[in-house]
J.: 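For reference, the structure I am asking about is given below.
Every chain is numbered from 1 and lettered A, B, ... according to where its sequence line falls, protein lines coming before strand lines.
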Amino acid sequence: MSTAPPLLVVDNLEAGYGQINVLHRLSLTVNQGEIVTIIGANGAGKTTTLMCISGVVKTRAGNITFDGQSITGVPAHSVVRLGLSQSPEGRKIFPRLTVRENLEMGAFTRRDHDGMRADIQKAYTMFPILEKRQSQPGGLLSGGEQQMLAIARALMSRPKLLLLDEPSLGLAPQIVVQIFDVIRELNKQGMSVLLVEQNARMALKVAHRGYVLETGRITFTDKADVLLHDPRIRQAYLGE
Amino acid sequence: MFESIAAALGPEIYQYLLAGLVTGLLYALIALGYTMVYGIIELINFAHGDLFMLGAFFSLQLAIWVGAAGAKGQATGEFAVLAVAIMLVAAPVFCAALNVTVDRVVYKPLRNAPKLAPLVSAIGVSFIFMNIGVFWMGTYDLNFPELIPPTNLTPGYRVEFTYQHLMVIVVTLPVMVALTLFVRYTALGKAMRATAQNPTAAQLMGINVDRVIAATFAIGGALAGVAAVVYGLYVNSAGYQMGFQTGLFAFTAAVLGGIGNIPGAVLGGILIGLIEKLGTGYVGDQWRQPLIFAILIVILIFRPNGILGARTREKV
């Protein structure tokens, strides 16, 4: 294990909507160069966790530290500038912007136009279908293409940490495999990833470490391959 | 064929078409304010017409201060060019500032409230504006100084094209072109489109959504300010209720074109202007309002998305 301080530290996070608390004293860390996954059932609080880290949902208690700097209460539009980017649940593509414009929006915080153009080209190399579709409105893409676009768009801000929320949701199995290959490849190139998934098997196979989230609480955490072979996890999340 | 239709309708058709186009451009400017705010926060800003009225009162006040108009709004014959120039700069600034302030004070605290709360508040703001108008200029209709003369520029032709018509076209068209270019090519314009399409994703891109909303209110207000000056100079009257009817016509135009859609608002504005003037000309002035509101009802029933309303739906 590296001795460098963790890239992301979530410490005793509480958050919720209205009267209801969704997260209860949730703590987790992501180290530099790691893929960490949060697995859990629908409604466990996975998306809320990512939305708190991104600054979209307000935290009620606890601290979030990113790259040595507290980002608790920092608004979403500033969090991106610090190097933390998210591909959200349901993709949230801009439906009436073209594929290329969607990618340009991902680089909204940047002003280096040459670098942006180069990164768009990189995105097209990673997902060649996006280049073919570059002049089409995002809303006309298939689900898999939209997911590729969402990931490529999130990368356009050149993040240090990529948050991925349910990238496999509603996609055909061969597309899911392709998406996870890209996640693995990005990680090889040094990208740290926090991956939220209902598809626990795929997530644990790609990740280094995992957290199991149940009704807003972390109930297990370990190395991903340990979780993958834990009988309790196998029974509850891997359908065995 | 067109010639025979034109012959049946009489030579006045050309004058009606010109009047309709010019009035339509005015409605379009106001409709843009409705449609842009709706596009961003899904609020029908019912106070927008009354903001337009206050812009006209402010312009009238400026004309009086400058000395281009007397206390009753009649033109003095002096300082006309100076007054028009000052109005065209100051009225948009005034309306933009007022619109942004109302958003900050009234609508922003209700951003996460049910949709009905800001809507009812907008109706409240409409009444407040109207009463400010009464307090400011009284309940009687006033003259708006005739600073641009209605001199006919095309004597001997079938159409009477005046300096006033020319003024409306020369002011409104460049404003609309500038707005289109702004929304399409500038960073703020792109941020506005992105926010309108998905505010959460916009935040995740690093867009300050609060600032984008404020900018939208500022631009919509500025357009209402331009419309107020041009309307005053074209119609040469002002009154505290002018925003109510004009606002509803412009709102109808926005719905007709597809609310939230910028080219739609311009198209809808021009169509409503043409319908109004042709309806007045051939059917009778008393049918003007029923005609336009009947159109509103028919659109809402058969094509609630309007002529250019969003066709690409978001895939979930």
Side-chain angles (χ1 to χ4, degrees), chain A residues 17-18 47 50-51 53-58 75-98 101-111 113 136-147 149-150 153-154 156-157 159 163 165 169-170, chain B residues 35-36 38-40 42 108-114 117 180-215 257-265 305-306 308-316:
Chain A
Y17 308 94
T47 295
L50 291 196
M51 283 303 185
I53 297 170
S54 277
V56 175
V57 171
K58 282 209 166 66
H77 61 88
S78 306
V79 168
V80 188
R81 283 163 215 274
L82 299 173
L84 209 161
S85 190
Q86 182 180 162
S87 161
E89 184 187 28
R91 279 87 74 167
K92 294 191 169 47
I93 294 303
F94 300 113
R96 292 183 298 283
L97 298 186
T98 65
E101 285 173 326
N102 266 280
L103 292 173
E104 285 167 359
M105 289 316 303
F108 188 78
T109 53
R110 290 169 60 183
R111 290 290 169 268
H113 293 278
Q136 287 187 15
L140 294 183
L141 301 188
S142 73
E145 290 162 355
Q146 286 194 352
Q147 186 58 59
L149 180 55
R153 186 181 64 176
M156 285 300 296
S157 64
L163 309 182
D165 196 346
L169 193 71
Chain B
T35 228
M36 289 175 72
Y38 183 86
I40 294 272
E42 291 182 18
K108 197 178 171 194
L110 299 172
R111 210 73 92 206
N112 298 315
T180 307
L181 296 176
F182 171 83
V183 170
R184 181 156 306 176
Y185 296 111
T186 65
L188 182 56
K190 285 180 187 176
M192 288 169 82
R193 285 193 289 154
T195 305
Q197 293 177 33
N198 196 318
T200 306
Q203 277 180 286
L204 291 174
M205 301 299 109
I207 293 168
N208 185 341
V209 168
D210 282 334
R211 196 178 291 169
V212 168
I213 294 170
I259 188 122
N261 184 303
I262 287 177
N305 286 340
L308 301 179
R311 273 180 215 136
T312 51
R313 292 244 162 257
E314 198 170 351
K315 276 194 182 156
V316 182

J.: For the interface with chain B, which of Leu97(A), Leu84(A), Val56(A) has the highest count of heavy-atom pairs at distances below 4.5 Å?
T.: Leu97(A)
J.: Quick check: closest heavy atoms across Pro137(A) and Arg96(A), and the distance to 0.1 Å?
T.: CB-CA, 4.5 Å
J.: First locate atom CG of Asn102(A), then atom CZ of Arg91(A), and finally report the distance between them rounded to the nearest 0.5 Å.
T.: 13.0 Å
J.: Select one option (side chain, backbone, both, neither) describing which atoms of Met156(A) are under 4.5 Å from chain B's heavy atoms.
T.: neither
J.: For Thr109(A), is it the side chain, the backbone, both, or neither that has a heavy atom closer than 4.5 Å to a heavy atom of chain B?
T.: both
J.: Looking at every heavy atom in both Gly106(A) and Met205(B), which two are closest together, and how far apart are they?
T.: CA-SD, 3.5 Å
J.: Considering all heavy atoms of both residues, which atom of Ile40(B) and which atom of Val212(B) are nearest to each other, and what is their separation?
T.: CD1-CG1, 4.0 Å
